[in-house]
K.L.:
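Take a look at the following structure, please.
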Protein chains: 2
Amino acid sequence: MTHTTGAAEDYLKTIYAHTEWQTDLITPSALAVRLGVAPSSVTEMVKKLAASGLITHVPYGPLALTDAGRLRATAVVRRHRLIETWLVGEMGYDWDQVHDEAEILEHSISDRLLEAINARLGFPAHDPHGDPIPAADGTVLRPPAVLLADATVGHRAAVLRISDRDPSVLRELAADLIGPGTEFTLSAPLTIVLADGQSRLVTPAAAASIWVTA
Amino acid sequence: MTHTTGAAEDYLKTIYAHTEWQTDLITPSALAVRLGVAPSSVTEMVKKLAASGLITHVPYGPLALTDAGRLRATAVVRRHRLIETWLVGEMGYDWDQVHDEAEILEHSISDRLLEAINARLGFPAHDPHGDPIPAADGTVLRPPAVLLADATVGHRAAVLRISDRDPSVLRELAADLIGPGTEFTLSAPLTIVLADGQSRLVTPAAAASIWVTA
DNA sequence: ATTGGGGTTTCGGTGCGCCTAAATTCTGGC
DNA sequence: GCCAGAATTTAGGCGCACCGAAACCCCAAT
């Protein structure tokens with residue numbers, strides 16, 4: 001229907017990402033910060049996206065995706081995560097190195113190539129950070145998750161996903177052999193005990209990036 | 001030095017491509033036709049490229065790449081051909097289907113990913129159409145070649161490359177099992193005899209797309 | 001030597017996505 | 001209830017790459 005250029009795709013993706021693990025709606029200024037653009041640029045794009053029926057927006061209010069917008073957004077996220085999975089699985093990238101490359105390729109790869117990659121990977125359900133890969137129809141399988149920083153002491157759980165927003169957190173965790181699937185018990189704030197009995201101290205930044213089973 | 005956006009890369013690539021198998025310089029109007037843009041658009045971009053020292057141009061005259069421009073151009077061509085080779089070699093594409101995808105990806109893939117692909121393919125010297133893949137330093141290994149349409153009857157030779165400009169020619173030749181490396185004798189105009197004795201009639205369009213050993 | 005027509009350039013204008021600066025609107029604290 | 005400060009929008013502008021129309025240049029044929 002609508003053309004949806006690369007820039008517009010980034011707006012939709014970012015609006016979607018904000019509500020993927022939280023419930024509150026994103027504000028224009030928060031969107032501007034995430035995208036690294038001026039607030040006035042957001043106002044402009046928001047007008048276009050609303051006119052195309054991809055988001056809803058009351059003046060001076062927050063932003064929400066429509067069903068059509070969510071479909072576009074998940075399509076972009078699907079591309080992004082499949083590309084990340086491919087870069088790690090086949091092209092020798094580490095999980096802290098894939099974000100920027102995927103950020104660009106997600107806007108230029110064709111559906112055909114994407115599906116060829118998907119097939120080669122065996123139709124993965126999660127990307128290297130544990131994030132679910134949306135299906136082609138936009139459905140996303142997302143288990144209930146809690147931020148490690150919000151988990152109660154004594155909680156026994158497994159790592160579900162780690163936000164890829166901060167590469168240094170990813171490198172730090174990789175060095176500690178902590179990744180999606182890692183089982184642990186929270187023995188004290190910021191302290192986890194792994195299955196083999198070893199304990200690890202996690203930084204506040206990491207605890208705010210790690211989502212674990214409820 | 002200069003930024004060189006996707007559009008500028010297309011201009012440089014097209015100027016380079018014109019002189020790869022011929023010696024005459026390209027004119028602005030021919031460039032406009034190849035790129036599918038208006039002549040006035042070419043004038044504008046030519047001014048910028050000349051100002052950046054990537055091409056030389058006297059008003060109302062033809063265009064030529066400088067050394068710097070040729071280096072940029074071959075870098076783009078290198079990307080294009082490696083991507084094509086990868087799409088055919090690993091992603092299940094046929095050689096008549098790769099052009100459009102490569103046309104887009106050549107502007108967005110990183111050097112790192114390109115070299116990962118290159119290594120995976122075993123550092124190929126030619127793309128699926130027989131075109132040489134420029135080295136990273138811009139060198140191109142190009143054997144002397146003659147257009148099949150210009151070859152003399154009785155000429156015994158092998159197919160070197162087939163221009164990918166016309167996908168229908170590629171499909172037609174693929175169906176006839178003619179590709180780079182195919183050995184033959186030109187028994188009459190537009191008629192070739194293959195190594196196994198079978199003869200094939202090629203269309204004028206195909207004869208104008210096939211380059212053979214001299 | 002002139003001239004006509006094709007190739008090239010100039011000129012004014014478009015859409016996109018971005019910016020800064022200046023309104024405007026909303027909201028929380030008094 | 002008011003009002004300062006923060007968030008948002010409006011207004012004006014920029015660079016890029018494109019366009020069509022009009023002006024211009026050049027050469028080949030007379």
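The analysis underlying the following values was restricted to heavy atoms, covering all of them including side chains, and did not include hydrogens, waters or symmetry mates. Residue numbering restarts at 1 for every chain, and letters A, B, ... go by the order of the sequence lines.
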K.L.:
Counting any heavy atom closer than 4.0 Å, what does A:Ala38 reach on the DNA or RNA strands: base, sugar-phosphate only, or nothing?
P.N.:
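The residue A:Ala38 makes base contact.
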K.L.:
Among D:dC25, C:dC18, D:dT8, find the nucleotide with the atom closest to the side chain of B:Tyr60.
P.N.:
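In terms of side-chain proximity for B:Tyr60, the closest of D:dC25, C:dC18, D:dT8 is D:dC25.
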K.L.:
Roughly how many Å is it from CE in B:Met45 to P in C:dT10, rounded to a whole number?
P.N.:
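My rounded result for the distance is 16 Å.
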K.L.:
Take the protein atom NE2 of A:His107 and the nucleotide atom C1' of C:dC16, then report the distance between them rounded to whole Å.
P.N.:
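Rounded to the whole Å, the gap is 15 Å.
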K.L.:
May I have the distance from B:Leu31 (atom CG) to D:dA17 (atom C1'), rounded to whole angstrom?
P.N.:
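Distance, rounded to whole Å: 14 Å.
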K.L.:
With a 4.0 Å limit, can you tell me whether B:Tyr11 has a side-chain N or O closer than that to the phosphate oxygens OP1/OP2 of D:dC18?
P.N.:
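Yes, because at least one side-chain N or O of B:Tyr11 sits under 4.0 Å from OP1 or OP2 of D:dC18.
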K.L.:
Counting just side-chain N and O atoms, does A:Lys47 come under 4.0 Å of either OP1 or OP2 of D:dT10?
P.N.:
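Result: yes.
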K.L.:
Would you mind telling me which residue lines up with the more 5' stretch of DNA chain C, B:Glu44 or B:Ser29, judged by nearest nucleotide?
P.N.:
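Of the two residues, B:Ser29 wins.
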K.L.:
State which residue, out of B:Val146, B:Leu147, B:Val159, B:Asp131, fulfils the side chain to side chain contact (heavy atoms under 4.5 Å, CB included) condition with B:Trp211.
P.N.:
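The single option meeting the side chain to side chain contact (heavy atoms under 4.5 Å, CB included) with B:Trp211 is B:Leu147.
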K.L.:
Hey, is the side chain of B:Lys48 poking within less than 4.0 Å of OP1 or OP2 on D:dC16, counting only N and O atoms?
P.N.:
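No, B:Lys48 has no side-chain N/O under 4.0 Å of OP1/OP2 on D:dC16.
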K.L.:
Using only heavy-atom distances, determine whether the side chains of A:His80 and A:Asp127 contain a donor-acceptor pair under 3.5 Å.
P.N.:
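No - no donor-acceptor pair under 3.5 Å links their side chains.
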K.L.:
Checking all strands, does A:Pro28 fall into the base, sugar-phosphate, or nothing category for heavy-atom contacts under 4.0 angstrom?
P.N.:
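It contacts sugar-phosphate atoms only.
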K.L.:
Between B:His57 and A:Val37, who's closer to the 5' end of DNA chain C by nearest nucleotide?
P.N.:
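Checking each residue's closest nucleotide, the 5'-ward one belongs to B:His57.
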K.L.:
With heavy atoms under 4.0 Å as the rule, sort B:Gly36 into base, sugar-phosphate or nothing.
P.N.:
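Sugar-phosphate only.
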K.L.:
State which residue, out of A:Leu63, A:Ile55, A:Val42, A:Leu54, fulfils the side chain to side chain contact (heavy atoms under 4.5 Å, CB included) condition with A:Tyr11.
P.N.:
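Output: one option passes, namely A:Val42.
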K.L.:
Do NZ/NE/NH1/NH2 and the carboxylate oxygens of A:Arg81 and A:Glu20 come within less than 4.0 Å?
P.N.:
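A salt bridge links A:Arg81 with A:Glu20.
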K.L.:
Taking only side-chain N and O atoms of A:Thr43, does any of them lie within less than 4.0 angstrom of OP1 or OP2 on D:dT9?
P.N.:
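It does, given that an N or O in the side chain of A:Thr43 lies less than 4.0 Å from OP1 or OP2 of D:dT9.
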K.L.:
Please report the distance, rounded to the nearest Å, between CG in A:Leu35 and P in C:dC16.
P.N.:
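So the CG-P distance, A:Leu35 to C:dC16, works out to 18 Å.
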K.L.:
Can B:Arg120 and B:Glu90 be counted as an ion pair, charged N to O under 4.0 angstrom?
P.N.:
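Looking at B:Arg120 and B:Glu90, the cut-off is met.
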K.L.:
Using only side-chain N and O atoms of B:Ser40, determine if any of them is under 4.0 Å from OP1 or OP2 of C:dT10.
P.N.:
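Checking B:Ser40 against C:dT10: no side-chain N or O falls below 4.0 Å of OP1 or OP2.
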